[in-house]
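Comments concern the structure below.
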Amino acid sequence: MELTVESKKREVGTKPNALRRSGLIPAVLYGHKGVESVALTVEAKVAERLLEKASVNNTVIDLNVADMGWSGKTLLREVQIHPWKGFPYHLSFFAIAAHGPIDLEVRLHFVGEATGVKNSGGVLDTVITQLQVRCAPDKIVDSIEINVSTLEVGSSLYVRDIILPEGVTALTDGEQTVVTVVAPRTSDEDKATAAES
């Protein structure tokens, strides 16, 4: 998924709270010129819509800063949320086009019904739901699909078993369990649990 966000360069000396009162969210862009960063503003409604669709370190965002003549692909690196009002009050964008491979977390999407669940009453236990990966900016994926339909009771799928898209490398340990099918609870176990409670 790619999203487009319009922003403006923030004037020097403007107070963040004054910006927020006027419907703007302070933001920063870095990585577009080495270690140099630039202060920006994004309209509050645009920021809220963005956060409904984008996730930190995972979604490619086409960021346009018209008044400084810059546009490029970025990742949302950090989102600060107001502790009790729940709205965003600062965003950080990282320009990725000029850089080599980047590290990010990708959501795991489990598909199919495990044989051990369907035929034996087992329970699908997902141990991890996100995977740390490394890839080029143009190889970023929103999610990685994992088919669990062949899993029997007692069998597991590990990171090393995941079929990754071309150009994507897992950083998580290959021996890490991703998902397993555990045996159904027996009536004796149910009785013991009931007795304990």
Side-chain angles (χ1 to χ4, degrees), residues 1-14 16 19-20 22-82 86-111 128-147 159 162-174 176 178:
M1 180 198 319
E2 290 197 16
L3 303 168
T4 300
V5 170
E6 300 288 337
S7 67
K8 290 184 177 177
K9 197 169 179 181
R10 195 190 325 164
E11 291 180 21
V12 177
T14 51
L19 288 171
R20 294 182 190 110
S22 64
L24 299 171
I25 304 295
V28 66
L29 166 68
Y30 59 98
H32 67 301
K33 286 187 181 177
V35 295
E36 185 183 324
S37 64
V38 60
L40 305 172
T41 60
V42 177
E43 288 185 19
K45 287 181 178 159
V46 170
E48 287 165 12
R49 282 198 302 271
L50 172 68
L51 296 180
E52 288 172 5
K53 298 175 183 175
S55 54
V56 172
N57 284 333
N58 191 13
T59 309
V60 176
I61 299 159
D62 283 316
L63 185 68
N64 295 325
V65 190
D67 55 354
M68 71 179 234
W70 187 90
S71 67
K73 295 191 181 305
T74 66
L75 285 178
L76 194 57
R77 275 292 200 222
E78 183 185 19
V79 177
Q80 293 176 19
I81 303 289
H82 193 282
F87 59 76
Y89 68 96
H90 193 275
L91 306 175
S92 295
F93 296 96
F94 179 72
I96 57 176
H99 298 268
I102 54 174
D103 299 348
L104 64 155
E105 283 192 341
V106 176
R107 184 172 51 88
L108 299 179
H109 178 55
F110 299 94
V111 296
I128 60 172
T129 57
Q130 290 190 315
L131 187 68
Q132 276 275 357
V133 301
R134 177 171 292 154
C135 63
D138 62 345
K139 298 290 184 182
I140 292 175
V141 292
D142 287 331
S143 64
I144 295 171
E145 198 169 274
I146 296 178
N147 191 330
V159 168
I162 297 175
I163 299 167
L164 295 169
E166 185 184 350
V168 179
T169 307
L171 298 178
T172 306
D173 180 6
Q176 165 75 52
V178 176

Side-chain donor-acceptor pairs of residues 163-174 under 3.5 Å, sequence neighbours excluded:
from: T172; atom 1: OG1; to: Q132; atom 2: N; distance (Å): 3.3
from: D173; atom 1: OD1; to: E175; atom 2: N; distance (Å): 3.1

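- Taking all atoms of both residues into account, the shortest heavy-atom contact from L51 to P88 is CD1-CB, 3.6 Å.
- Considering only residues two or more places apart in sequence or on other chains, A136 meets the side chain to side chain contact (heavy atoms under 4.5 Å, CB included) condition with D138, K139.
- Between atom NE2 of residue H109 and atom CG of residue N147 there is a gap of 10.5 Å, rounded to the nearest 0.5 Å.
- Formation of a donor-acceptor pair under 3.5 Å by the R20 side chain with backbone atoms of Y89 is found in this model.
- Side-chain contact between L76 and F93 is present, with at least one heavy-atom pair separated by less than 4.5 Å.
- For the atom pair CZ (R77) and CG (L91), the distance works out to 14.5 Å, reported to the nearest 0.5 Å.
- In this structure, CG on L108 lies 5.5 Å from CG on L131, to the nearest 0.5 angstrom.
- Taking the salt bridge (charged side-chain N to carboxylate O under 4.0 Å, His left out) definition, one finds that R107 meets it with nothing, sequence neighbours left out.
- Taking CD of E48 as the reference point, atom CD1 of I25 lies at 7.0 Å (rounded to 0.5 Å).
- Between L24 and E43 there is a side-chain heavy-atom pair separated by less than 4.5 Å.
- Applying the side chain to side chain contact (heavy atoms under 4.5 Å, CB included) rule to V56 yields the partners V79; only residues at least two apart in sequence or on another chain are considered.
- Among residues two or more places apart in sequence or in another chain, the side chain to side chain contact (heavy atoms under 4.5 Å, CB included) test is passed with L40 by S7, A27, L29, V38, L63, V65.
- The distance from the CG atom of L104 to the CG atom of L75 is 6.5 Å, given to the nearest 0.5 Å.
- Partners of R10 by side-chain hydrogen bond (donor to acceptor under 3.5 Å, both in side chains), not counting sequence neighbours: none found.
- The minimum heavy-atom distance linking A95 with T74 is given by the pair CA-CG2, 4.0 Å.
- Shown here for V28 and S37, the closest heavy-atom pair between the two residues is CG2-CB, 3.9 Å.
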